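Have a look at the structure below before the remarks.
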Amino acid sequence: MRATAGFRTSSLVRGRRMLRSAAGLALACAAVATLTSCSMEDASCGGGEYGVITVGSTGQACVPKGEEPPKGYTRFPEGKEPKRVGDKWDLYWETHTIDEKGDIIDAPDDK
């Protein structure tokens, strides 16, 4: 009987240690996420890339810096590039686009 009681105590202790370890890990992850400013906001493009917009539509893509935009895309006007998902310019370009002449126009309705 004594062996069974010892086994239960040992399992209980191991279970508590595992819970404490899991709780500690979760707390550490939350602290890292809080301390790093980039964890809550998604960048529009990755490092070494810049954003482009589809001519005549609201589609967007990312292009490696130093390369020209692919056919059918153009660069955003200087100072009006979205930097983060949901920022002022990201929201603006949901309803606006650039035409073939390079003018900013209202985006066509997709209805």
Side-chain angles (χ1 to χ4, degrees):
M1 269 197 161
R2 191 168 229 172
T4 305
F7 177 74
R8 286 186 182 166
T9 302
S10 177
S11 295
L12 185 59
V13 169
R14 277 185 283 169
R16 286 183 181 161
R17 285 183 186 156
M18 286 175 38
L19 282 174
R20 278 188 287 193
S21 295
L25 180 60
L27 183 60
C29 289
V32 169
T34 301
L35 294 174
T36 58
S37 62
C38 62
S39 63
M40 296 300 180
E41 295 181 345
D42 294 325
S44 295
C45 289
E49 297 178 320
Y50 68 95
V52 293
I53 188 167
T54 307
V55 174
S57 183
T58 59
Q60 299 180 21
C62 297
V63 176
K65 288 183 179 173
E67 290 186 18
E68 290 298 314
K71 185 175 181 170
Y73 288 84
T74 189
R75 296 174 188 262
F76 288 100
E78 190 172 335
K80 296 183 180 182
E81 309 97 342
K83 301 293 184 198
R84 302 245 174 238
V85 174
D87 73 9
K88 152 178 136 171
W89 292 114
D90 184 51
L91 297 175
Y92 177 82
W93 292 110
E94 287 180 5
T95 57
H96 295 81
T97 190
I98 300 174
D99 67 12
E100 299 82 18
K101 296 182 278 181
D103 295 327
I104 296 174
I105 60 170
D106 289 336
D109 286 335
D110 292 333
K111 295 178 183 177

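Model, not experiment: these values are computed from the prediction.
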Inset, instruction - Side-chain contact test, heavy atoms from C-beta onward, threshold under 4.5 Å: evaluate it for K88 versus K80 and give yes or no. - result: no
Inset, instruction - Considering non-hydrogen atoms only, spot the tightest contact between K65 and E49 and give its length. - result: CE-O, 3.5 Å
Inset, instruction - Over all heavy atoms of both residues, which pair between H96 and T58 is shortest? Give the atoms and the distance, please. - result: O-CG2, 3.8 Å
Inset, instruction - Name all residues meeting the side chain to side chain donor-acceptor pair (under 3.5 Å) criterion together with Y73; count only those two or more places apart in sequence or in a different chain, and write none if there are none. - result: none
Inset, instruction - Please report the closest heavy-atom contact between V85 and S44, naming both atoms and the distance. - result: N-OG, 3.8 Å
Inset, instruction - Identify the two heavy atoms, one from W93 and one from I53, that lie closest to each other, and give their separation to 0.1 Å. - result: CE3-CD1, 3.6 Å
Legend entry - Non-hydrogen atoms of C45 and A61 that approach each other most closely: SG-O, 4.2 Å
Inset, instruction - State, yes or no, whether a side-chain contact exists between T97 and T54 at a heavy-atom distance under 4.5 Å. - result: no
Legend entry - Gap separating the NZ atom of K83 from the CH2 atom of W89, nearest 0.5 angstrom: 11.5 Å
Legend entry - Heavy-atom side-chain contact between P82 and D87 under 4.5 Å: yes
Inset, instruction - Measure from the side-chain N and O atoms of Y50 to the backbone N and O of E67, and report whether any donor-acceptor pair falls under 3.5 Å. - result: yes
Inset, instruction - Write down the atom of F76, the atom of I98, and the distance for their closest heavy-atom approach. - result: CA-CD1, 4.5 Å
Inset, instruction - Look up atom CD in E81 and atom CG in D90, then write down how far apart they are to the nearest 0.5 Å. - result: 12.5 Å
